[in-house]
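Side chains are part of it too, since the values below use all heavy atoms of this structure and drop only hydrogens, waters and symmetry mates. Computed from a predicted structure; not experimentally measured. Numbering of ligands and ligand atoms starts at 1, following listing order.
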Amino acid sequence: MIIFGTRSSTLGTIAIKGTPCSHCGDNGSKRITVFGKYFHVFWIPTFPFGKSSVMECTHCLKTIAQRDYTTEQRIQYQNAKGSIKTPIWHWAGLLLIAALIAFSIIAGTFASASTTTKETDPRAQLLTADMNKLATHPTLQSDSISYAIKQMIDNKIVSEMKPEEFKYFSHIQDNKLILLIKIRKLKKVDKEYRPEFIEMIEEYFDSKPSLDTIETYIGLHGKYNMMVIKNPTALYNSRFVSDRHLYDFYGDKSLYGTTEKESIPSDTIKAIE
Ligand SMILES: [Zn+2]
């Protein structure tokens, strides 16, 4: 059983003057007590709905109900009652409900986020690990492909794009190559022109006979997420491109958790120079 209804509490008093009392005719001051009405559920104030009042004559001490105010008393009351504010606790129930809803949404988000993590493709972590290796200054020794691509991009890209801030990482394993580039201002490049980065990179790869038969996975990361991905089967170009289009670089999903992949550090590719 839910107990609900309306209650009221005293909000304050207003003094009015110069109107005759309907009982004793006295013109002296009258005191109006203002009540705030609110709806309650189990006596918890839920929301307010208006005010009521009662007037007391300070001379004869009779109380006069609001419906019996004279026109002038009603006007004085209407003018003064705005200064009597409804306290926030009259909204306590609704605020509580809003807080509970907000809490359940946040809790739900966290719960689903943790579920997602559990179900995440194991290759997502490998990509994240590789993204963490992005470097502004790849060296010929540590990452020769990134080093060469950076040289080329620095020469071809206009300075407004701040090519000196681009970050690179590349890796070769199982006859597959992944190249990740983080370009913070990628969004500033018109969408139709973004794949030109890919074309430029592929031209470079095509010029290297040692990369002839290799499968390439190229990911261009904007400020927050992948925006262009080219894998052996398709090109993706959008404000948000899912990382999963790069996962095949790491092999089949079923490989993980069973066998360790053998990987070749990308410096072995130095031979191509
Ligand atoms: Zn009176």
Side-chain angles (χ1 to χ4, degrees), residues 1-120 124 128 184-188 191 222-227 238-243:
M1 186 179 67
I2 295 175
I3 296 169
F4 62 94
T6 65
R7 307 186 87 196
S8 62
S9 72
T10 306
L11 301 183
T13 58
I14 300 166
I16 65 168
K17 286 185 175 125
T19 69
C21 169
S22 49
H23 284 277
C24 68
D26 183 71
N27 248 340
S29 64
K30 320 254 173 311
R31 189 172 61 222
I32 291 179
T33 304
V34 182
F35 302 96
K37 292 182 283 184
Y38 58 83
F39 184 80
H40 77 86
V41 177
F42 289 113
W43 302 281
I44 298 167
T46 306
F47 57 86
F49 65 100
K51 292 166 183 168
S52 64
S53 71
V54 64
M55 181 165 60
E56 187 188 26
C57 171
T58 54
H59 186 250
C60 70
L61 301 181
K62 288 269 187 195
T63 55
I64 296 146
Q66 192 173 319
R67 61 178 178 276
D68 297 327
Y69 292 0
T70 64
T71 306
E72 204 189 337
Q73 287 162 350
R74 184 163 293 124
I75 291 167
Q76 288 203 33
Y77 166 63
Q78 290 295 344
N79 288 343
K81 79 168 181 182
S83 64
I84 307 280
K85 301 290 179 211
T86 302
I88 191 131
W89 62 264
H90 280 194
W91 293 98
L94 274 195
L95 293 175
L96 188 68
I97 290 164
L100 285 174
I101 290 170
F103 176 79
S104 63
I105 288 170
I106 293 165
T109 308
F110 275 108
S112 66
S114 62
T115 317
T116 315
T117 313
K118 271 178 220 155
E119 289 167 3
T120 299
T128 304
R184 283 171 60 86
K185 290 174 180 273
L186 189 56
K187 217 170 137 185
K188 295 242 162 81
K191 190 184 163 200
K223 195 171 179 184
Y224 304 109
N225 53 267
M226 287 293 173
M227 297 179 79
S238 146
R239 250 166 67 98
F240 179 89
V241 173
S242 170
D243 289 351

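- Enclosure of atom CD1 in Ile88 is not indicated, since only 12 or fewer non-hydrogen atoms of other residues, nucleotides or ligands lie within 6.0 angstrom.
- Judged by distance alone, with hydrogens and angles left aside, the side-chain atoms of Asn225 form a donor-acceptor pair with the main-chain N or O of Arg239 at under 3.5 Å.
- Protein nitrogen, oxygen and sulfur atoms, that is N, O or S, within less than 2.8 Å of the Zn ion (ligand 1) amount to 4.
- For Phe49 against Tyr38, the heavy-atom pair with the smallest separation is CE2-C, 3.6 Å.
- For residues 87-104, the set of pairs meeting the side-chain hydrogen bond (donor to acceptor under 3.5 Å, both in side chains) definition, not counting sequence neighbours, comprises Ser9-His90.
- In this structure, Tyr77 and Lys51 have side chains that are in contact, with non-hydrogen atoms separated by less than 4.5 Å.
- Put simply, the side chain of Lys223 does not reach to within 4.5 Å of the side chain of Lys187, judged on heavy atoms.
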